[in-house]
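Residue numbers count from 1 along this sequence.
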Amino acid sequence: MGGTFGGIFPYHVPLARKTTEGMGMGQAPRWYRVEHRHRGRVRFLGRISEVVPSPFTLDPFLSRLLRAGVEHGELALVDGATGFVVARRLVRMPRRRRPEAA
């Protein structure tokens with residue numbers, strides 16, 4: 001196996017478990033902004049909470065952009081409290097396999 005999910009992915013992604021560990025009774029959930037950035041412009045796409053800060057968190061937003069015909073820039077997951085980018089994802093159409101030459 002080697003942590004490659006049957007060879008589909010070339011890397012291992014540990015699964016995250018939702019936990020309340022470390023959250024106090026009155027502690028607010030952590031919020032993140034999702035932004036599309038291209039050529040110095042920033043477009044706000046949404047706000048989400050209670051997620052693992054990972055590039056995979058941006059998959060639904062990436063999918064929507066690609067379906068809308070946007071094939072440039074990057075998506076950024078920005079911590080709402082600190083303003084730091086905690087995850088990034090390039091907006092690119094996946095490469096399609098070339099038909100095999102006969």
Side-chain angles (χ1 to χ4, degrees):
M1 256 200 272
T4 62
F5 294 79
I8 297 171
F9 300 107
Y11 42 82
H12 174 72
V13 180
L15 299 176
R17 283 185 265 175
K18 190 169 181 173
T19 179
T20 56
E21 198 174 291
M23 291 187 68
M25 284 295 290
Q27 190 172 358
R30 184 168 227 147
W31 286 93
Y32 299 93
R33 290 189 318 270
V34 179
E35 300 174 350
H36 176 240
R37 299 174 175 195
H38 179 63
R39 295 185 179 174
R41 299 175 80 188
V42 176
R43 187 171 131 203
F44 175 80
L45 299 179
R47 189 175 153 200
I48 55 178
S49 70
E50 302 296 326
V51 296
V52 176
S54 158
F56 299 109
T57 302
L58 299 168
D59 280 353
F61 296 92
L62 176 63
S63 178
R64 288 185 192 135
L65 285 174
L66 292 175
R67 278 186 276 154
V70 177
E71 296 182 18
H72 52 267
E74 76 172 3
L75 285 171
L77 187 64
V78 181
D79 187 312
T82 64
F84 290 120
V85 174
V86 294
R88 296 175 193 263
R89 190 85 192 261
L90 288 178
V91 178
R92 298 281 185 268
M93 185 63 76
R95 292 182 185 174
R96 294 196 172 101
R97 286 185 3 157
R98 295 181 188 167
E100 293 183 28

Practice item. Using salt bridge (Lys or Arg N to Asp or Glu O under 4.0 Å) as the criterion, list what pairs up with Arg47, not counting sequence neighbours. Key: none
Check your understanding: Is there a chain of hydrophobic side chains (I, L, V, M, F, W, Y, each step under 4.5 Å between heavy atoms) that links Val70 to Leu66?
Key -> yes
Practice item. Would you mind listing every salt bridge (charged side-chain N to carboxylate O under 4.0 Å, His left out) that reaches into residues 65-75, with sequence neighbours excluded? Key: Glu74-Arg88
Review point. Is it true that a side-chain atom of His36 and a backbone atom of Leu62 form a donor plus acceptor pair closer than 3.5 Å?
Key: no
Check your understanding: Can you tell me how far the CD atom of Glu50 sits from the CZ atom of Arg30, to the nearest 0.5 Å?
Key -> 10.5 Å
Practice item. Measure the spacing between NE2 of His38 and CG of Leu65 and express it to the nearest 0.5 Å. Key: 12.0 Å
Point to revise | CZ on Arg37 to CZ on Arg43, rounded to 0.5 Å | key: 14.0 Å
**Study point:** Heavy-atom neighbours of Phe44 CZ exceed 12 at 6.0 Å
**Key:** yes
Practice item. Could you pull out the closest heavy-atom pair between Ala81 and Asp79, with the gap in Å? Key: N-OD1, 2.8 Å
Point to revise | Atom pair CD1 (Ile48) and CZ (Arg33), whose distance is rounded to the nearest 0.5 Å | key: 12.0 Å
Exercise for review: Supply the atom-to-atom distance Arg64 CZ to Leu58 CG, rounded to the nearest 0.5 angstrom.
Suggested key: 11.5 Å
Review point. Apart from Val78 itself, which Ile, Leu, Val, Met, Phe, Trp or Tyr residues share its cluster (side-chain heavy atoms under 4.5 Å, direct or through members)?
Key: Val85
Exercise for review: Taking all non-hydrogen atoms of both residues into account, name the closest pair between Ala87 and Pro53 and its distance.
Suggested key: CB-C, 4.4 Å
